[in-house]
Structure formats: structure tokens, C-alpha cells
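Data first, discussion second: the structure below is written as C-alpha cells.
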There are 2 protein chains.
Amino acid sequence: MSRTLDAQALRRRVASLLVVRASGHAGDRQRRYPRWELANAELKRLLESGVGGVILLGGSSVELRQRCLQLQNWAKGPLLLCADVEEGVGQRFEGATWLVPPMALARLHANDPERAEALAEQFGRCTGRQARHCGLNWVLAPIVDVNNNPANPVINVRAWGDDPDTVTRLTLAFQKGVEQENVLACAKHFPGHGDTAEDSHLQLPVIPHTRERLEQLELAPFRASIAAGIDSVMTAHLQIPSLDPDRPATLSKAVLNDLLRDQLGFQGLVVTDALVMEAIRAHHSAGDAALLAFEAGADLILMPEDADAAITAICDGLRSGRIPRERLDASVERRQRALAKVAEASECETGALELERQDERALSEALLQLTCERQGPQLHPLGAAQGINLIRIDGVLACPQLPATAPGLKQPEQAGFRALITHPGALSIWETNHPDAPLALDRLGAGPVLLQLFLRGNPFRAGREQQEPWEAALGQLQAAERLAGLVVYGSPYAWESLRARLAPSIPAAYSPGQMPEAQALVLSGLISNQGAEAAEPDGPGEGFTD
Amino acid sequence: MSRTLDAQALRRRVASLLVVRASGHAGDRQRRYPRWELANAELKRLLESGVGGVILLGGSSVELRQRCLQLQNWAKGPLLLCADVEEGVGQRFEGATWLVPPMALARLHANDPERAEALAEQFGRCTGRQARHCGLNWVLAPIVDVNNNPANPVINVRAWGDDPDTVTRLTLAFQKGVEQENVLACAKHFPGHGDTAEDSHLQLPVIPHTRERLEQLELAPFRASIAAGIDSVMTAHLQIPSLDPDRPATLSKAVLNDLLRDQLGFQGLVVTDALVMEAIRAHHSAGDAALLAFEAGADLILMPEDADAAITAICDGLRSGRIPRERLDASVERRQRALAKVAEASECETGALELERQDERALSEALLQLTCERQGPQLHPLGAAQGINLIRIDGVLACPQLPATAPGLKQPEQAGFRALITHPGALSIWETNHPDAPLALDRLGAGPVLLQLFLRGNPFRAGREQQEPWEAALGQLQAAERLAGLVVYGSPYAWESLRARLAPSIPAAYSPGQMPEAQALVLSGLISNQGAEAAEPDGPGEGFTD
């Protein structure tokens, strides 16, 4: 019995070292990354069983505040509540201040170092104050990596510069700003992620540098940050043979214990980067990854793939004597010390929902003013509207019908159909000169076409959708033997008129609803299971952050 | 002195009849439709000065609850708080339940009327309960228009059917459901908006029907709704010569007073449709429209173009004797009676942020299940990914960098450049066979090209953006004399490499930030004012609802 109690107490202590991922939104169905963000029932169970930290993303600052109160309410003790707000809280939570990427200040620093450092400190204060106001107590910034590789696909403009001196000066100023606001900061990614050409979200990069080179370049900002009393350091998922030929930094005793603790003398919290990233996940089970990281010297385990497995693996390691109990005590103690430092309740004016202060708005504008550039003459407006404003952007999908995880995208993808989205702001799919064959088939590329039409006569479009020749397009695709299927969401009139033009052999479906649930329902009926790849519902490289 | 006091008291009483528009979001900068949604300082001033109602749109259910508390806090007396939640609260506020468009139930009603009516009542209960929980006390539904024109660009699937009997039965059930939840309902749009081929958001439709035909078709559901005790009726912006040869229904004494009050015997609140819609706004000043509507018999003035002008015009009309004081007393009295009916405070469990109940989720799913359709065989997955999932949708812009109101869209539009957005889910702009001329210029259409590149090495894209041949594209556009300008947002590396390829005559600019403020700043510098159209910042037909 006492052994059972001991086992439970041990699990709670180990659980307190986990930082799990949740959406900043209130509802399960609002999650943007449901594969990575725990559902509320599961989150509540884990917090009740002692899990001690949550990393949040998504939603607005008003929601985040309510959400943090809820999470704190579910947990028995104080929580570490953090977010990747490297560019201000507005980078992740709508309604807060969204600042320029840190690299912008590095360019400014070259011309006016004092001003750049003063702005970096304000950057930190703005981020810290707003984080605190929303209920967070831990800012996962600054990135102290020296981005000396312009092709770096993951650090890049998130870094505070491409030389160690600039990075050191600016990040020290930022760190000072955050700490003035009674919020924990975090230097990342140890021992330095600036010189990678691979994205560790997708694979494990290898850094071939010697210890001497690391000392001169990558480690310098960490040394300075530690000397200035940074609260936490985040590990990098990098293979660095000169430090450890076998293990990536996150799982390496040589890196975390020998280098970071012993040689650099860091006494604060060591937190792993997210263990669900492919650089770790592809090579280690959920339990193993957590155990190896803890054994190597990490205090906190961020985003384990399976929280229960992580707790069990670490408990087993402690019980078997593989890891001494003192390691656990030390990590728990460090966590409590960090929490105690930021324990004061934040002031909260009710009725004041608007988060951003005047000085924060001014900072945001000053940073933009100081960092933008221009060359050549001004552009003169055209007499009549005839120009093209061609915009290239990574993704545009945040309309409520089609979030990036919409069944209308995902289910066809699993059946072999890549998404091609047409809308009034996109390249035209129409050949204007061919009324009977209006689709510009050459632009679509080869292959069968599954047509999904969201049509419902929305206001303010001046009947635009009724001018699109979908009936003729349906005939054209069938004549070309390229119509794989048709789905109409919304208008029963459009559905009736289009279905009448279909050969009986064409799969087709309709729902009056346009929301993701309608898509899931209709497509599950439309697409057969035969021949479907036995893929995971989301591919392994699926994103979990912006 | 007493006259001044009287004047102030009169203004307050008149102001109580206004319903102004606000965003459901907390911050001014979060507004999706800043032209139509009051800024917080202005909103606070108007509520403090007696404005008695707010119509809300946008944000999440958690934010909406906080927002309603804030608005109620700013006002001295109880407010009417309403929203166009015709398809469940989730249609307008994220996190709440989003139900199928009402027309879906009409189709079900043809086969199983009892079931359809039971579902319509649950539809009303779900909408009413969630509205109440979020802090609203007035649901601007049901639409009782009979949609007997499939080309109707504004009512369409929002209607509960295309014959008067179906509409009557279903909307009575919905109305019953809403009222059970202690929330006011609203039958709209009087005397019937179902047979229009024009969008009254953009122009004033004319209905040529005789009084007899209106009696048989359009008026039937209104009669039933009034007999069942509907709390409010919303007017339509329609010209109906058989009822009033001079004035649209919203401004017509013949329609509102003689027909609705006297002949149909309606005793509840008459509210105008939004006065900012072009059907009214194009023909009347802000003050005149409000005065005419009030004089015609409306109790509440929804979305006046200028609240102060509306109050002044109505006060002048009352003081001059043009409108008897009893009209004001009667409207104020009706408003107070309606508020008293829903005055009980709603229960609020703290910590329970998730709005949707199990039965509401089940209702949402049942409606989808019962209303979807399918024909033909199932679609079989392709062996390898080679098909195209072509999706047509009105708009996709809700990414934080590019909201529909982004300067990156609007400022070039004013200078004559229409937006063309390219992203990984869009039609390709590239010719794969021409490394030196990689852009498929024929797909872009004619005209000069302003290129705006959002490039910043985001994670999870596996360096995709670095494979896009923007350097060659820049050369190609210059050789073709089609490059009007270049803007880079984000990566300084991309900016440096691209600017080096520009002729000195090409306007170009850069900002490390990608947010709307960065666009506004850079484009204001880039685009000269010479030759710009003297257009309003937003065109007159700009949307103000989804």
C-alpha cells in the first residue's frame, strides 16, 4: 500500500516536469493542430494527475486569459504556462502586439547599436507584460542562435543577428526587458541552431563544427545569457559529433550535463525542444525520448509524444536506479524556484479587454519605421484598374469552412487528390473564349479531377458565382474523361442543376452545410476505402506551429 | 437651463432606440470590417450617451461573452445585444455550434414534416441558449422570407423554404425554440424578401407583385409569426409599388404603420434592416434615413450610418412636431417591455469555457446526416497522388498577414492593381520548362505587375520557397517591361538578392514585418499619390457581413 502511494507520489513528481501542448482556444473543435493539441478531457486528466506545464498556441489574447484561468483551475498546484512568442504575444495570439522579426533589429544594430539595444529591451518588456497579462508566466524567447546561414529554414529571421556580438547584445537587452515584467525567459536552442540547412521539425541536422568553432561562435551568446541570469535554456535537436558522436544535443549528457551545467555553470531550468519533432520522433519512442532527455540532464520535457509513456519511462528509470533520485529532486526544486520567482498575481482590470498599450503600439510602429527600406522611384497609380497585384504567400487557409485541416482537403489527399483552390483572388481557371469548354485544362495539370464547389449565394458578391460556367465545365471534364467526382456544398439549386448533367457513373454528393463536419460526412460516403493508403490520418511531417 | 436638460433627456431617449454595430473582438485593430464597426472609444461614448443596442459580429464565443460584459458595463442601462445568428451562433462566433442553412430543413420537411419541425425547434433552442450564454439577448432570426426565386442573391439558403406553408411551420418551431431560452427572436424581412434577384446590400430591389399575391405568399409567414407572439420584426429594403409607390418598405408608413401595425396587428418591436446598406444609403443621408424610418413606424434604428446624425434628425423631427411625442414614448415603451421579458441574468459556470453541449453537437450532426445527398458510385482512391482536388470558394483570406482589409490588397487596388494571390494550394504561376522565363505570363493576364513577396523561411515547408525562381521571374518581368514594382516582406536575404537584380527605375521596398501595419507603411511610401483616384478608403459597396 505504501509502495502504491509512493508510486503515485513519484508519478506526480515526474509529471510536474512535463510541459504538454494545448490550443489557446476554448473548444476541442477549434484546435488548429488537433494532432498535437490535447483535447480538453485529456488535458484536464493530465493536469489533475500532476502535469506541471502547458505550452499554448492559437486564439485571441482575451481567450488566452480565460484559458489560462481554466488550466490553472484544473491543476492542483501552480503551472508553468508558456508560448513561443518570439515576435511579441501577437505573433501567436490575436489582439496582442505583433512585432517585427528579431533579425530586423540586427540590421539596425549595425548602424545605431544603442538605439537597437534600447528597442530590444522594449521588445522584451512588451512581450513580457502582455504574456503576463494573458496569464502566461514563461516566454520561450529569446532565440540566441547566431543565424550565420542565410538558407537556414527554421531559425532565419527569428534570430537576433548573424554574428555573436550582435546576438549577445540584443538578446541580453530583450532578456532584461522580459524579466522586468516578472515573467520567465528562455535562451534557445542550445548549443546553437544558427548554422543548419535542414529543418529539425522534419529531420535531424548534423553540425560538423569543431569545439573551438562552437566556442567562438555558437556558445558565446549562451555564456552571456547565463551570466546575466537567464531562467531557462532550451535544447536543440541537432547532431554535433564534436560534442557527442552518438546522441543529438537534446538527449546528450555530454551537451546538457558536461557542457551546459558543468562547464557553462547553468543553474536554471533546462527544457527540451518539442520531443514530437521528427528529428527526435523518427528515432526514439515517446518513452525513450523523454527518459534519455531527462537522463542527459533536461529538467523539463516539452511536448512529449505521449505524456503517460514519458512519465512511466522516467519513473522506471528512477526506480531501477538508472537515474539517481537526486536528479528528480534537483529538477523539481529548479521548477519550484522558477515558479516562486514569478508567483505574484498579475494585476487585472476588468472591463479593460484591449490589451495593447499606447507605448506598445508606438514601439511596434517605430520598429516598422526604422527597419523598412525602399529603392527606385515611387510607383504611379494606373489610370484605370488594369494592373496585377501578384502576392505570393505560404498559406491563406483560415476561412471557417476550410481550415488547413479541413476534411475537404485531407480526405481527397489521402485518396490521391492534391488540393487546388480557386477563388476570386487566385489565378483564373477559365478560358474566356470557349463557352463549351470554359476550363483552362492545361493550367490545372494532368490527372482526374474531383470538383468540390462551395456555392451558396453569399451577399456582397453581386451574383459573381452565378456567372461561373460550372455546368459547361462539368460537360467539358466528362467529355475529356477527367471528372472523378463532384461535391456541392451549400446551394440546393446549384446541386440540382449540376447533378442533372452528370453521367450515372460519376460519384457525386451534396450537403447544404459547408463546415468541416459536412465535408467529413459527405466525403466519407463518397470516397471508398478500397485502395486507400494505410497512412496515418495526418502525415508524419504535419506542422504543429505557424 | 431646463430646456437644455430637456434636450439632453430627449437625446438619451432617442439614442436608446439605436442599435449600432461593433466587432465581437476586443481590440480596435482586430475589427474585420473597420468601416462598419465602431472603434471602442466611439462605442463607449455612444453607449454612455444612451445608445441602447449593439449588433455584434466576429470573434469567438469566449471573447463575445467578455465583450458583452464590457458593453453592458459601459452603458448605464440594460442593452439590447443582438447578432445575425441565423445558422446557429457558430455561424458568426467561433467555438459555438454552426448549423446547416435553414433551407436544408425545408427539403427534409417535404418528406418528414414532424421530424423537420422538431429539428427546427431544437435549432432555435440551440441558437437561443448559446446566444444567451455568450451574453446576447436578441437573436436576429428567423428569416421568414419565402425564397421562391432560386437566383435570390441574398436570402437563398438562409430561408426556411420556398413555399409559405413550409416556411410558416418551420419558422414557428424555430421561434418557439428561441423563446424557450429566454432570448428575443426577430421575423425578417418585412414584408418579404424572397423574390428578389438583386442584393439589397448593393442596390434597391423592386418587387412588382400585387397586394393579393403578397397576401397569399410573402405575408403568410409574418401573420403566423405575429400570431405566435414574435418579439420583433425587421423591415426589408425593397421598393414595392403596390404598397407604396414612393418609399422603400423600411421608410414607408404604408408598410410599417398601415400594413404591419394596423392590418397585421403587430404590437412588438419594429427594427429596420441595416441603414448602411446601399439600398438606403445611396438615396438618403444618415439623418434622413433614420428620421424617415422612425416616422414610418420603426421603433429601432439598426446600423445608422452616423449615430449622432440619426439622433439629431429624430430629435428635430420630434421637436418640430413633425412626429408626435407619443411615437417616441411608444417605441421606448416597447423596447423596455422586450428587455424586461429577457431580463433574468443568465447562469454562468466559470471554468466552463466550452460552449457546445452534447445534445447540441448531436443536433448539428443529425442535421448534416439527414440533409446530405449522394449519387453514382463511390470514388476509388488513386494508387499514387496524381489527382486534382479543385476547390472553388468565395474567399480564403483570413491569414493574419493578409486579412481581407490588408493594405497589401487595398492600397494597390486603389492604384489600379487587382490582387492575384499565389500559394501552395493555388494554380501554378510557373512554366516548368523555361528556367530563364519561369513565369507563365499568359496565365497572369495583361498589364503591369506589382510583385509582393511574403518570404521568411517558415518551418514545416521544407524550404519550398527557396525552390521558387523569383530571381529569374524578376528578370523575365523586366525584360517584358511588365514589372511595375517589387515589395519583399520578411527575409532580408531574399530582399538583398532580389534588389540586386532590379533596374534603378523599378520602385521597390522591403519590410522585415509581414503584418498589415508593415504593408501600410511600405506601400504608402512606395505608391505615389499622383493620379490616385479620389476614392473613399473603402469602396461604397464594401461588405460588412459574411
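These numbers come from the heavy atoms of this one structure, side chains and all, not from hydrogens, waters or symmetry mates.
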Does any non-hydrogen side-chain atom of B:Ser60 lie less than 4.5 Å from one of A:Gln30?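 When only atoms from C-beta onward are counted, B:Ser60 and A:Gln30 do touch, with a gap below 4.5 Å.
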Does the side chain of B:Arg65 come within less than 4.5 Å of A:Gln66's, by heavy atoms?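 Side-chain contact under 4.5 Å: no.
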So which part of A:Gln369 gets closer than 4.5 Å to some heavy atom of chain B, the side chain, the backbone, both or neither?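 For A:Gln369, the contact with chain B is made by backbone and side chain together.
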A:Leu521 versus chain B, heavy atoms under 4.5 Å apart: side chain, backbone, both or neither?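 Only the side chain of A:Leu521 comes within 4.5 Å of chain B.
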When rounded to the nearest 0.5 angstrom, what distance separates CG in A:Asp28 from CD in B:Glu354?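 Separation between the atoms: 5.0 Å.
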Reported CG-to-CZ distance for the pair A:Leu355 and B:Arg29, which is rounded to 0.5 angstrom: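 Interatomic distance, A:Leu355 CG to B:Arg29 CZ, rounded to 0.5 Å: 11.0 Å.
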Top contributor to chain B interface from A:Glu63, A:His25, A:Met103 [non-hydrogen pairs under 4.5 Å]: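 Between A:Glu63, A:His25, A:Met103, the count favours A:Glu63.
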What closest approach, in Å, do A:Leu353 and B:Gln70 show between heavy atoms, and which atom pair accounts for it?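 Of all heavy-atom pairs spanning A:Leu353 and B:Gln70, the closest is CD1-OE1, 3.5 Å.
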Between A:Glu496 and B:Arg107, does any NZ, NE, NH1 or NH2 come within less than 4.0 Å of an OD or OE carboxylate oxygen?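 Salt bridge present between B:Arg107 and A:Glu496.
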Against chain A, label B:Glu356 side chain, backbone, both or neither, depending on which of its atoms sit under 4.5 Å from a heavy atom there.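 Interface part for B:Glu356: side chain.
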